Amino acid sequence: MDLNGAQLITRFLEDRVDAVGPSAAFVAGIPGGALLPLYRALADSKLTHVLARHEQGAAFIAQGIARVGGRAGVCFATSGPGITNTVTAIADAKADSVPLVCIAGQVPRALIGTDAFQEVRTCHIVDSITKAQFHVRSADELVDLLPEAFRIAESGRPGPVVLDVPKDVQTERLRIERIPRSITPQRAPAPDATAILRAADLIARARRPVLYLGGGVTQARAQSAAQALAECAGLPTTTTLMALGTLPPDHPLALGMLGMHGARYTNRVIDECDLLIAVGARFDDRATGRLDRFAPNAQVIHVDADRRELGKLRKPTLAIEADAGAALRALAGAVKPQLRADWLARVGTLRREWPLAQPGRDDPRRPYGLIATIAALIDPETAITTDVGQHQMWVAQAYPFRRGDRWLTSGGLGTMGFGLPSAIGAALALPHAGAVCFSGDGSLLMTVQELATLAETQANVKIVVMDNSALGLVRQQQNLFYDARYSASLYRAPPSCCAIAEGFGIPALDLGFVRDPAQALRDAFAQPGPLLIRAPIAADEMVLPMVTPGSANTEALG
Ligand SMILES: Cc1ncc(C[n+]2csc(CCOP(=O)(O)OP(=O)(O)O)c2C)c(N)n1
Ligand SMILES: [Mg+2]
């Protein structure tokens with residue numbers, strides 16, 4: 001067949017829909033000069049383009065689709081300012097191992113290196129925040145590079161890939177027999193059988209083991225294998241922020257989230273453990289606190305798809321490079337059933353002595369009460385996204401997550417502005433269940449223009465803005481660690497987020513003006529479709545406990 005580079009791209013993406021499913025039909029982006037040939041081909045394709053209002057939004061919409069579906073999301077950005085606008089969202093995808101393919105326009109080949117209009121050295125800029133990046137030198141190269149970009153993004157430990165495609169590569173004609181097929185992503189290796197036996201032996205001999213699960217378990221969609229292992233070997237189980245939902249909060253072995261804003265008892269159980277089984281977790285500083293005092297008396301089994309994580313921060317007793325799902329299934333089959341009555345009794349005592357206090361849990365006008373009231377109204381299939389700040393940590397502490405793949409938050413990079421566009425992406429991929437975005441009044445403004453995208457797509461997204469007229473988490477740290485000198489953390493002229501939403505064509509509900517917030521929320525969540533809900537929050541509410549950065553997790557404040 002005879003076609004041009006741009007048509008090859010759209011035909012490849014269309015074929016991917018048959019292999020991956022309907023959400024692969026979405027491409028989020030913004031056109032521009034260097035990408036107009038691709039948009040010309042798009043006009044003839046069956047793909048559904050989501051016109052974002054900022055390229056960061058486009059890349060986060062693609063992330064939302066990827067995080068709920070597990071396969072690569074796709075975004076388009078033009079050369080120069082288009083691709084530089086995606087940088088934050090690409091770095092975010094790298095930090096949280098999210099498969100993402102960004103197709104960027106570039107100036108025509110003859111102009112490269114001439115400081116042409118809208119020319120930047122794209123590959124150079126994204127080098128350290130991608131898994132791979134390719135400058136495409138001819139339409140012929142696309143035949144291999146398109147499947148390769150997706151294979152890399154989705155295989156092993158997933159991550160972002162950028163294709164830098166000059167305008168005249170998009171218009172260059174080529175003859176091919178057939179459209180290149182997408183490659184089935186390769187999982188990380190299966191675990192070594194001897195290593196699994198050794199791990200099972202370490203688990204059998206441990207007296208106080210803890211299972212420590214990270215985002216890799218969600219990536220591998222290994223929730224049931226993780227539960228099976230925990231239940232068979234009697235392992236109290238903690239999760240990182242990224243793996244919330246792997247064990248439902250009412251599971252008797254669930255310890256909840258560890259780390260900076262984890263419950264005191266969770267961090268104490270880890271402090272007392274003699275074997276830590278880390279799976280798909282990377283000993284991130286927000287999870288471990290002061291590293292040399294994290295699980296100080298424990299041997300460590302570390303399972304990860306990425307061998308560079310093994311021993312990067314904590315020297316393991318036993319390192320296993322493997323897909324989290326395969327390793328958990330193998331371990332669940334190899335461990336001997338144990339009840340561990342003494343250890344579980346000790347865990348119960350710590351849980352009673354050092355519980356997670358949730359003041360105001362019964363009051364929908366306070367953070368925990370608001371989250372609990374909303375959680376009771378939402379289907380477990382609904383995606384929950386957050387922005388970054390106190391509201392994110394309150395949701396992490398209080399929301400009763402039941403599915404890891406329905407929980408979307410910017411964990412590694414901590415990007416304000418993640419919540420709204422990722423919720424749009426998630427809701428496009430889950431049209432019935434939709435998405436709820438818990439945002440902050442600061443974070444919302446980072447990508448507020450995506451309200452226009454929401455109005456246009458009518459995606460089923462509810463936005464709950466926890467409005468404290470403040471950069472709350474910054475203010476809290478200034479209160480606790482910087483002599484309560486509040487520098488640049490209170491808004492003196494806060495805008496009305498309800499008026500903003502309405503200006504974009506999104507209806508709004510202000511809980512500050514209703515008599516019965518619980519009833520107003522019931523009514524609001526009974527209606528499908530976009531809505532912004534403003535929940536006023538007192539600026540002095542804190543998210544506690546909190547471990548001082550650099551301290552041991554057992555020394556939390558509050
Ligand atoms: C893009 C970006 N800039 C700055 C920060 C630093 N930061 C972390 S939390 C926070 C405050 C967030 O305020 P808001 O969204 O209102 O949430 P709140 O803490 O008030 O709930 C800031 C500025 C960040 N995480 N991301
Ligand atoms: Mg705020």
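No experiment lies behind these values; they were computed from the predicted model shown. Indexing begins at 1, ligand by ligand and atom by atom, following the structure's order. When reading the values below, keep in mind they use all heavy atoms of this one structure, side chains included, and skip hydrogens, waters and symmetry mates.
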Original post:
What do you reckon, does D387 put a non-hydrogen atom under 4.0 Å from ligand 1?
Top reply: no
Original post:
With a 4.0 Å heavy-atom cut-off (strictly under), which part of N468 contacts ligand 1: side chain, backbone, both or neither?
Top reply: side chain
Original post:
Looking at atom 17 (O) of ligand 1, what's its closest protein heavy atom, distance included?
Top reply: H391 ND1, 3.2 Å
Original post:
Is T453 close to L451 at the side-chain level, that is, under 4.5 Å between some pair of heavy atoms?
Top reply: no
Subject >> Numbering as shown, the atoms of ligand 1 that approach D441 to under 4.0 Å (heavy-atom distance) >> reply: 16 (O)
Original post:
With a 4.0 Å cut-off on heavy atoms, is G414 touching ligand 1?
Top reply: yes
Subject >> Which of the ligand 1 atoms, numbered from 1, are nearer than 4.0 Å to a heavy atom of Q390 >> reply: 18 (P), 19 (O), 21 (O)
Subject >> Polar contact flag, side-chain donor to acceptor under 3.5 angstrom, T447-E450 >> reply: no
Original post:
Where's the contact between A470 and ligand 1, heavy-atom distance under 4.0 Å: side chain, backbone, both or neither?
Top reply: backbone
**OP:** Kindly identify the option in T386, L473, V388 whose heavy atom sits closest to atom 12 (C) of ligand 1.
**Re:** V388
**OP:** List the closest protein heavy-atom neighbour of atom 4 (C) of ligand 1: residue, atom name, distance to the nearest 0.1 Å.
**Re:** M416 SD, 3.6 Å
Subject >> Partner residues of D363 under the side-chain contact (heavy atoms from CB on, under 4.5 Å) criterion, sequence neighbours left out >> reply: R365, R366
**OP:** Report, in ascending order of atom number, the atoms of ligand 1 lying under 4.0 Å from any heavy atom of G472.
**Re:** 13 (O), 18 (P), 19 (O), 20 (O)
Subject >> Check: R157/S97 side-chain N/O donor and acceptor closer than 3.5 Å >> reply: yes
**OP:** Go through the side-chain N and O atoms of Q476 and Q390 and say whether any donor and acceptor fall under 3.5 Å apart.
**Re:** yes
**OP:** Establish, from distance only, whether the side-chain atoms of S410 and D92 form a donor-acceptor pair under 3.5 Å.
**Re:** yes
Side-chain donor-acceptor contacts of residues 514-524 below 3.5 Å, not counting sequence neighbours, with atom names and distances?
| from | atom 1 | to | atom 2 | distance (Å) |
| --- | --- | --- | --- | --- |
| D516 | OD1 | A518 | N | 3.2 |
| D516 | OD1 | Q519 | N | 3.1 |
| Q519 | OE1 | R522 | NE | 3.3 |
| Q519 | OE1 | R522 | NH2 | 2.7 |
| Q519 | NE2 | D523 | OD1 | 3.0 |

**OP:** Enumerate the protein N/O/S atoms at a distance below 2.8 Å from the Mg ion (ligand 2), ignoring waters.
**Re:** D441 OD1, N468 OD1, A470 O
**OP:** Identify, by atom number and element, the atoms of ligand 1 in contact range of V474, meaning under 4.0 Å from any of its heavy atoms.
**Re:** 10 (C), 22 (C), 23 (C)
**OP:** Verify the distance criterion only: is there a donor paired with an acceptor across the side chains of Q106 and S79 at less than 3.5 Å?
**Re:** no
Original post:
Does a donor on one side chain and an acceptor on the other come within less than 3.5 Å for R351 and Y265?
Top reply: yes
Subject >> Side-chain donor-acceptor pair present, Q56, T86, cut-off under 3.5 Å >> reply: no
Original post:
Relative to each other, are the rings of H49 and Y39 parallel, tilted or perpendicular (30° and 60° limits)?
Top reply: perpendicular
**OP:** Specify the protein heavy atom at minimum distance from atom 14 (P) of ligand 1: its residue, its atom name, and the distance to 0.1 Å.
**Re:** G442 N, 3.6 Å
**OP:** Report the residues that fulfil side-chain hydrogen bond (donor to acceptor under 3.5 Å, both in side chains) with T239, sequence neighbours left out, ordered by chain and then residue number.
**Re:** none
